[in-house]
Amino acid sequence: MVSRSLSLPLSNCRSHQNPTPNLNFSQLQNAISNLDLTSNNQQHTRHKLITSSILLKSCIRSHNFQLAKLLHLKLTESRLPLDSLLLNSLITLYSKCGEWPHALSIFQTMDNAKKDLVSWSAIIACFANNNMDFKALLTFLDMLQNGFYPNEYCFTAAIRACSNAQFCFTTGRAVFGFLLKTGYFDSHVCVGCALIDMFVKGGGDLDSAYMVFEKMRERNVVTWTLMITRFMQLGFAGDAVDLFLRMLVMTEYVPDRFTLTSVLSACAEMELLSLGKQLHSWVIRSGLSSDVFVECSLVDMYAKCGSVENSRKVFDRMPDRNVMSWTALITGYAQGSGHEQEAIKLFCEMMLQGHVVPNCLTFSGVLKACVNLPDFGFGEQLHSQTIKLGFHGVNHVGNSLVNMYARSGRMDCARKIFDILFKKNLILIDTVAEENTEILNSEEAFGHEIEHNGTGANAFTYACLLSGAACIGTIGKGEQVHARVVKSGFGTNLLVNNALISMYSKCGNKEAALQVFNDMGGVRNVISWTSIINGFAKHGFATKALELFNEMLEIGIKPNDVTYIAVLSACSHVGLIDEAWKHFNSMRFNHGIVPRMEHYACMVDLLGRSGLLSEAIEFINSMPFDADALVWRTFLGSCRVHRNTELGEYAAKMILEREPHDPAAHILLSNLYASEGRWDDVAAIRKNMKQRKLVKEAGYSWIEVDNKVHKFHVGDTLHPQAQKIYNELDELASKIKKSGYVPNTDFVLHDVEDEQKEQYLFQHSEKIAVAFALISTPNPKPIRIFKNLRVCGDCHSAIKYISVVTGREIVVRDANRFHHIKDGKCSCNDYW
DNA sequence: ATAGGGTTAG
């Protein structure tokens with residue numbers, strides 16, 4: 001754990017500048033246009049070729065690819081006989097600017113006698129850098145057959161080619177073994193770097209990558225930065241920061257723009273504001289403020305650390321504001337709750353200025369701000385904008401749209417977009433698979449454009465699809481994605497596995513979630529553990545959740561704040577009061593995690609559910625900050641369960657003080673009155689809401705059958721099988737009444753006669769969905785129902801009886817948790 | 001001559 005008051009030994013660092021300054025653009029341009037390539041004698045020719053070679057190298061190093069191509073053109077026109085030196089540089093040029101077919105044709109037209117080890121290394125690197133791993137390895141073998149023995153540069157290229165899932169565990173490990181045996185492992189810093197990336201990119205194997213890093217004889221600032229960055233990117237921000245501090249203390253390397261970008265991201269992730277501030281001052285002192293990457297990381301860091309004002313200040317002072325800068329700030333506002341309007345304002349400002357064109361990430365960010373907007377209009381406008389710009393099918397944007405629609409209860413829209421994404425990715429994955437087979441079968445593996453940049457589905461694509469499936473609760477689609485994951489070799493990827501755990505959990509299949517978790521073996525991070533703990537907690541298996549939490553502590557994984565929300569909610573769902581207090585105290589004292597509003601809300605929930613209402617109030621009053629609406633809403637829920645109108649009214653008042661336009665508070669209060677039969681008060685609230693134009697969120701349930709989502713509202717008759725569903729409901733009603741079910745009309749919130757109330761009860765969307773599931777799915781299969789609000793108490797009781805009379809297992813996911821109902825018992829122990 | 005590290009997202 002990084003101490004928050006730590007002062008960095010940054011002042012000890014002195015900047016080492018590159019000793020040989022590169023030629024700038026105009027110097028290069030002049031030199032190339034003045035270059036006279038006509039020549040009359042051999043001596044002359046040699047000299048010109050050397051000059052060209054130096055210029056070419058300089059262009060490549062400074063990324064002036066256009067000038068380099070101009071020079072190539074002049075060389076071709078001069079008809080001078082180019083030597084290996086120049087030809088090799090040209091291969092590198094086209095490799096680096098992504099025009100690999102040119103590189104290949106230069107290599108192919110070279111005389112075999114002219115091809116030296118460098119030429120082979122360059123073309124292998126070219127394939128490896130342009131996503132043609134298989135061709136790179138074939139060429140490597142070809143080179144060996146031609147009698148060349150690889151050196152460290154050549155190995156570096158070959159190792160890079162092993163950096164994907166297919167090759168990492170086979171060829172990659174073989175190459176690694178060979179390097180260790182021959183002593184090549186230590187031959188060059190770059191070999192180590194390539195190996196680190198092979199393990200990281202090939203299967204998220206940070207342990208092996210770190211082992212390589214530790215065992216390297218020689219390291220430099222690039223090596224350290226690489227390792228720091230990979231820790232950070234794979235979700236180990238804490239280790240990234242630790243490693244960075246070690247670099248400062250143990251070495252004399254100076255963090256540069258690359259190092260700072262990564263460490264700042266890690267600070268953002270861990271909300272280390274004070275370290276972030278120290279880094280900020282280092283950025284200013286070392287003159288890196290003009291680097292747009294570093295500045296964006298600063299904007300992001302301040303926003304994630306909850307200091308949006310500083311974020312804004314950095315942004316306002318940025319000399320060079322591009323899409324990235326705008327997006328970083330917009331996203332910053334969208335993430336911090338309460339700044340959604342500011343995010344939207346900023347987005348509009350950016351559009352009005354018109355200098356900067358939004359990209360996919362910009363839309364991802366601003367769409368996030370729309371999730372909780374009461375008015376759907378702006379989000380819909382953004383949606384149509386993304387369609388116009390062709391972004392709606394892009395994974396991140398699509399996922400944000402799915403998220404926005406799903407969270408605001410518009411399941412139909414969410415599902416439509418999810419299907420577009422799903423179909424698109426299936427096609428993409430199939431195409432790539434086919435193309436790879438084609439390469440494997442083809443005699444001349446070279447030649448035609450098969451693998452091009454960036455089309456393949458990657459780990460993020462899968463994670464995105466899985467989280468979409470989790471949101472909507474379509475386990476069928478989720479399983480299909482899982483099959484693809486395995487087929488395409490992403491089965492060992494950390495990110496993907498974490499997404500799988502949460503998908504199975506959120507879709508109600510905790511066994512499958514556990515299976516994925518168990519199969520991960522040692523490659524798990526705090527997110528994997530938190531996901532599985534949260535899964536069990538939400539399903540009401542608190543003992544299992546807490547067991548897993550203890551196991552996690554034992555093997556030395558540091559829990560984070562989210563882990564504790566899962567742990568506390570596990571205790572809360574089964575009423576483990578002492579256990580909860582133990583963890584609540586331990587999180588601060590043993591792990592240095594300061595409890596947030598959510599943690600306090602968990603404790604209030606726990607106390608309130610157990611009927612300790614006055615303790616709960618006392619607890620709320622002892623909080624170090626003012627309780628927000630979430631805490632009071634939680635408390636109000638308990639008041640209703642324990643029928644304490646007095647405290648309930650007080651809680652509702654507190655909510656409405658904080659969020660006067662929250663329809664949920666009005667509804668909860670009206671439910672409270674209704675359960676006591678105070679119909680006049682109910683009517684008064686309804687009238688008040690009507691005047692304020694507050695709309696209550698309509699309750700509905702849905703279920704996936706044969707890959708199709710069926711959604712039901714209260715009293716729904718729109719389904720094509722409505723008649724059959726209601727017949728089934730009637731039958732169920734009489735069956736469960738015979739076995740002891742008594743309708744609980746407290747849950748009907750209309751002032752009507754008892755018999756009529758019962759009628760209303762049997763029109764609840766949960767019951768309709770269950771009836772539909774019973775007539776449309778085969779017997780042993782568990783039924784999985786989803787509801788946007790909390791499940792109603794009468795439905796809960798009725799479904800328990802239904803599970804007995806039908807012998808089916810019924811899983812209900814409501815807004816709060818899971819109910820596994822089997823043989824008349826529910827995993828929540830009727831405590832929710 | 002051939003080699004290696006960065007940003008904003010879900």
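Lettering follows sequence order; numbering is per chain, from 1. Scope of the values below: all heavy atoms of this structure, side chains included, with no hydrogens, waters or symmetry mates.
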Undergrad: Side chain of Ser262(A) only, heavy atoms from C-beta on: which candidate in dG5(B), dA3(B), dG6(B) is closest?
TA: dG6(B)
Undergrad: Whole Å only: how far is the CD1 atom of Ile106(A) from the C1' atom of dT2(B)?
TA: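 Going from CD1 in Ile106(A) over to C1' in dT2(B) covers 15 Å.
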Undergrad: Could you tell me if the side chain of Phe244(A) sits less than 4.5 Å from the side chain of Met227(A), heavy atoms only?
TA: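 Side chain of Met227(A) against side chain of Phe244(A), heavy atoms only: no contact under 4.5 Å found.
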Undergrad: Could you state the atom-to-atom distance from CG of Asn359(A) to P of dG10(B) in whole Å?
TA: 13 Å
Undergrad: If the cut-off is 4.0 Å, is Ser265(A) near the phosphate of dT8(B), judged by side-chain N/O to OP1 or OP2?
TA: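 For Ser265(A), the contact criterion (side-chain N or O under 4.0 Å from OP1 or OP2 of dT8(B)) is met.
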Undergrad: In whole angstrom, give the distance that lies between atom NE2 of His63(A) and atom C1' of dG6(B).
TA: 13 Å
Undergrad: Identify whether any heavy atom of Ser467(A) sits under 4.0 Å from a base atom; if not, whether one sits that close to sugar-phosphate; answer base, sugar-phosphate or nothing.
TA: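 Since no nucleic acid heavy atom lies under 4.0 Å of Ser467(A), the category is nothing.
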Undergrad: In this structure, how many angstroms lie between the C1' atom of dG5(B) and the CZ atom of Phe244(A), rounded?
TA: 14 Å
Undergrad: Taking ring pair (Phe, Tyr, Trp, His ring centres under 6.0 Å) as the test, write out the residues that go with Phe293(A), two or more places apart.
TA: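 Listed in chain order: nothing, the list is empty.
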Undergrad: Does dA1(B) have its OP1 or OP2 closer than 4.0 Å to a side-chain nitrogen or oxygen of Arg61(A)?
TA: no
Undergrad: Should the pair Asp186(A)-Lys215(A) be classified as a salt bridge under the 4.0 Å nitrogen-to-oxygen rule?
TA: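 Salt bridge between Asp186(A) and Lys215(A), a charged N being under 4.0 Å from a carboxylate O: no.
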Undergrad: Can you tell me the distance, in whole Å, between the CG atom of Leu361(A) and the C1' atom of dT8(B)?
TA: 6 Å
Undergrad: Taking the side chain as C-beta and beyond, is there a heavy-atom pair between Leu272(A) and Cys305(A) under 4.5 Å?
TA: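 No, every pair of side-chain atoms sits at 4.5 Å or beyond.
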Undergrad: With a 4.0 Å cutoff (strictly under), does any side-chain N or O of Gln233(A) reach OP1 or OP2 of dG6(B)?
TA: yes
Undergrad: Quick one, Tyr94(A) with His72(A), criterion ring pair (Phe, Tyr, Trp, His ring centres under 6.0 Å). Give me CA distance, side-chain angles, the key distance, then yes/no.
TA: CA-CA 11 Å; Tyr94(A) 289 109; His72(A) 183 196; 5.6 Å; yes
Undergrad: Specify the separation, in whole Å, of atom CG of Leu86(A) and atom P of dT2(B).
TA: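 Whole-Å distance recorded here is 11 Å.
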Undergrad: Atom CG of Asn88(A) and atom P of dT2(B): how far apart are they, to the nearest Å?
TA: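 So the CG-P distance, Asn88(A) to dT2(B), works out to 9 Å.
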Undergrad: What is the distance from CE of Met247(A) to C1' of dG5(B), rounded to the nearest Å?
TA: 11 Å
Undergrad: State whether the distance check finds a donor on one side and an acceptor on the other, under 3.5 Å, for side chain Asp197(A) versus base dG4(B).
TA: no
Undergrad: With respect to the phosphate group of dT8(B), does any side-chain polar atom (N or O) of Lys304(A) fall under 4.0 Å of OP1 or OP2?
TA: no
